[in-house]
Protein chains: 4
Amino acid sequence: MARKRRVLPPDERKREILTAATEVFSAKGYRVASVNDILEAAGIARGTFYHYFDSKKEAFLELIEFYFSEFELVLEDCHDRLVAALDEGANVFDAWKDYALGVFRFHSENPKLTLLIYREAMSLDEHFSFRVDELADLGTTWIARDLDEMVGRGLIKTCDTSLIATIITGATVFLTLEYIVRRGTDDLETLATELAMNQVKALAPIELFLQPEGGV
Amino acid sequence: MARKRRVLPPDERKREILTAATEVFSAKGYRVASVNDILEAAGIARGTFYHYFDSKKEAFLELIEFYFSEFELVLEDCHDRLVAALDEGANVFDAWKDYALGVFRFHSENPKLTLLIYREAMSLDEHFSFRVDELADLGTTWIARDLDEMVGRGLIKTCDTSLIATIITGATVFLTLEYIVRRGTDDLETLATELAMNQVKALAPIELFLQPEGGV
Amino acid sequence: MARKRRVLPPDERKREILTAATEVFSAKGYRVASVNDILEAAGIARGTFYHYFDSKKEAFLELIEFYFSEFELVLEDCHDRLVAALDEGANVFDAWKDYALGVFRFHSENPKLTLLIYREAMSLDEHFSFRVDELADLGTTWIARDLDEMVGRGLIKTCDTSLIATIITGATVFLTLEYIVRRGTDDLETLATELAMNQVKALAPIELFLQPEGGV
Amino acid sequence: MARKRRVLPPDERKREILTAATEVFSAKGYRVASVNDILEAAGIARGTFYHYFDSKKEAFLELIEFYFSEFELVLEDCHDRLVAALDEGANVFDAWKDYALGVFRFHSENPKLTLLIYREAMSLDEHFSFRVDELADLGTTWIARDLDEMVGRGLIKTCDTSLIATIITGATVFLTLEYIVRRGTDDLETLATELAMNQVKALAPIELFLQPEGGV
DNA sequence: GATGAATGAGTTTTCATTCAT
DNA sequence: AATGAATGAAAACTCATTCAT
């Protein structure tokens, strides 16, 4: 009675399902998206899904884990390049812009997954909160570490790097969601330039320009 | 087995239910939270809930609408005070800090509601997306308008105010969620100072301190 | 806190409620009609309804009982007049037409109640079936009795009077519902004439007119 | 506790459910019958019901549609046979009796469905009224058409065929419900004979036997 | 491996009825 | 008498998961 039996190498089939799941989860959110939606999107039968995943949740977690591991690699790479650049005496702006570009590029290559992650990150579903807390911290932690590095080198002023990291993370996330995910812009260069410039100025070690009384 | 019948004036009872609903929705999210959870939290019977609200969704929407209307008032007030301050020749930093303080204070007074809103705002549940898009724009729009105002007065440099507004919104939201909602800090003053300082510097009209080539 | 307290003599208030109930029940049917609908139609509060009736069902039964007792009176009266007419040597047609007219007139004066009764009579709700069976039989029984009377007098042919009574009841009910209730006709005279003529011919004692073979 | 899993071909299972639904709906009426009742009657789990029908209402509509389409076929067939018989010079009584027999036989084969339909037809539930109006008209329309045919051929007297059709429909419905559905009689022959005889006499073109004034 | 019919726990919602005021 | 807030049993429906084929 089976409609069609498309036999596929396990890995390929699994990837197909995960792609469909990304689509569906990012479009509807974890809760609203039903296994049915995924079946339809993937063009498979009910049983097939459960052959590859123990549950809807597990499929979702696999996507999250993928994002996490990839993003961590990106952050690691960005960090390495930042340190290398600073070691070579590059200016802060260029180094920082390069950093931002790396982050934006990663999200630009995975817009659906990005949307899915940030949605669910905020929604703090009891079942995922353990991972989600990590996510909230992941970017902030790396950035704070790199800010400390730069403060240590005297490239930026002494400051509450943790708080500034939160500011930068928020700015980055919102730019990503608004410009990359929502508007689908390709001009990551400009985005990175603006963000880097903004923070480089804000954190510049020289304080001359601010007069206590009167206009700036 | 029967619960004691607690008769209350309608307004009071409704407020009770909405408070319980805020608690529950912010703890679990709209989808996961069940009407049952609300009943328990509010200590009422099933019928009582439906006596005051046509549906779970309607109760939720009432909370959202409350946040929106209140927040809009706050933004309006902040704007008015900003313009007044600038008219009186106050410096940009003080004016901006005051602005940020207003926003932080509002969220500090409604941490549960704030969490709830930002969660659901991001989770983009099909049913609320119409409101959610507004939310994303609400802050950004007001801020962009005020940035334009300041650019016009020559108080900050000419820039893509819409993009900068996105940065500021992101920074504000993340600070709010991390420091006010999550850590429950009371020191809004410091938060506002840091945020204002950060952006006032970043947007200062004088460019002396940043050399195009070479270290900062 | 009470909106308005319209104090009324008990009987009048009760009649008001029953009128509203008739309206509502006939418009929606017993099951679909809610106590709420009745409250709205009667312009009273919840408690007031339950002050006069123990339950929705009881209010409904009161309407049914009213119909039954009134209709029984009508049938009794019709029967008496039929016998009297026959005693006086009136022709069957005139007597029968008069009979039908009585029945039609009663329903014409209570169209809402009639609709309500026939609806619910058929719907055989477990709770009312005991009454409903009676209703189904009420008309049929009386008619069968009067047919027997006429057979006895040799005014109509010998026949299965119970079966014929069913036919006549069905015809009467359908004419009532279609012409009186649905179309709201006032011309009961024609209706009665047609029905009487139809049955008087069908039951005429002379059989001449039907040739075994060929057309009628 | 778990019920044994009975796997069945979809068509068979669906038929099972519809049969159970007919049973339940005809016994309790659409409103009072619960999905639970159907589950019990069909020996299936809740989910199975909703696997085959989107809602209780849809299952009910499917039954209604089945009745309608089948009954229409019966009426069409009866009509064709009536015309054929008349063309061949058969007498009105035989032709008409055959007609009635067709209708009775159909209902005799589906007594539960018949009861269900007439119940709900009268109960005019808001959700089904659209279909119900059709039902009321379906029989009447076909009969009126066939009466016109016979009037045209001079086989019966000129008359208000629409009104007479209402009479015949009412008579037929009541005979069906009382004798076939309620008493479960098998003797459709007698029923058809009586009904046909009744109306053939009533509508005979010859008027000799009835004197306008005076006894019959 | 693949299929999809079957399951049932869990949810939202309705509404007749009760009872404190 | 009259009010309407409060109750909760019962109903419809959802959907992740299981399992016979």
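Proteins come first, then strands; the chains are lettered A, B, ... in the order of their sequence lines, and each starts at number 1.
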Can you tell me if Lys28(D) uses its side chain to pair, donor with acceptor, with the backbone of Ser34(D) under 3.5 Å? no
Whole-Å distance, Phe49(D) CZ to dA12(F) C1', equals 10 Å
Taking only Lys NZ, Arg NE, NH1 and NH2, and the carboxylate oxygens of Asp or Glu, determine whether Arg31(B) and Glu120(B) approach each other closer than 4.0 Å. no
Base of dT17(F) paired with side chain of Arg46(A) (donor-acceptor, under 3.5 Å): yes
Pick the closest DNA chain E nucleotide for Lys56(C) and for Ala45(A) by heavy atoms, then say which residue is nearer the 5' end. Ala45(A)
Return the value, rounded to whole Å, for the distance between atom CZ of Phe53(D) and atom P of dA12(F). 15 Å
Can you measure Phe60(D) atom CZ to dA12(F) atom C1' for me and round it to whole angstrom units? 16 Å
How long is the line joining CZ of Arg31(C) and C1' of dC15(E), in whole Å? 11 Å
Starting at CD of Glu12(B) and ending at C1' of dA6(F), how long is that distance when rounded to a whole Å? 15 Å
Let me know the distance between CD of Glu16(A) and P of dG1(E), rounded to the nearest Å. 14 Å
Arg13(B) atom CZ is separated from dA20(E) atom P, nearest whole Å, by 14 Å
Test for a donor-acceptor pair under 3.5 Å between the base of dT18(E) and the side chain of Arg5(B), counting only N and O atoms. yes
Looking at dA1(F), I'd like to know if its phosphate oxygens (OP1 or OP2) sit under 4.0 Å from a side-chain N or O belonging to Thr48(C). no
Residue set satisfying salt bridge (Lys or Arg N to Asp or Glu O under 4.0 Å) with Arg13(D), at least two apart, ordered chain then number -> Glu16(D)
Heavy-atom nearest nucleotide on DNA chain F taken for Asn36(A) and for Gly47(C); more 5' hit belongs to Gly47(C)
Reading DNA chain F 5' to 3', what string of ( ), [ ], | and . shows its pairs, if Watson-Crick and G-U wobble pairs count only when both distances fall under 3.5 Å? .||||||||||||||||||||
With a 3.5 Å distance limit and no angle check, can you tell me whether Arg119(B) reaches the backbone of Ser26(B) through a side-chain donor-acceptor pair? yes
Step by step, work out the side-chain contact (heavy atoms from CB on, under 4.5 Å) result for Tyr67(B) and Tyr118(B). CA-CA 11 Å; Tyr67(B) 174 87; Tyr118(B) 283 98; 3.1 Å; yes
Specify the separation, in whole Å, of atom CG of Leu39(A) and atom P of dC15(F). 13 Å
State whether the side chain of Thr48(C) and the backbone N or O of Ile44(C) hold a donor-acceptor pair below 3.5 Å, judged by distance alone. no
With a cut-off of less than 4.0 Å, is there a side-chain N or O of Arg6(D) near OP1 or OP2 of dA6(E)? no
Which part of the nucleic acid, if any, lies within reach of Pro9(B) when heavy atoms closer than 4.0 Å are counted: base, sugar-phosphate only, or nothing? nothing
Any donor-acceptor pair under 3.5 Å from Lys112(C) side chain to Thr19(C) backbone: no
Any cation-pi pair here, Lys57(B) with Tyr30(B), using under 6.0 Å and within 45°? no
Could you work out the separation of dT21(F) and dG1(E) based on their C1' atoms and round it to a whole Å? 13 Å
Would you indicate what Ala33(B) reaches in the nucleic acid, counting non-hydrogen atoms under 4.0 angstrom: base, sugar-phosphate, or nothing? sugar-phosphate
Can you check whether Tyr52(C) has a side-chain N or O nearer than 4.0 Å to OP1 or OP2 of dA1(F)? no
Taking OP1 and OP2 of dA5(E), is either one under 4.0 Å from a side-chain nitrogen or oxygen of His51(D)? yes
Given dT3(E), dT7(F), dA16(F), which nucleotide is nearest the side-chain atoms of Tyr50(A)? dA16(F)
Regarding the side chain of Val35(A), the nearest nucleotide among dA16(E), dA2(F), dA16(F) is dA16(F)
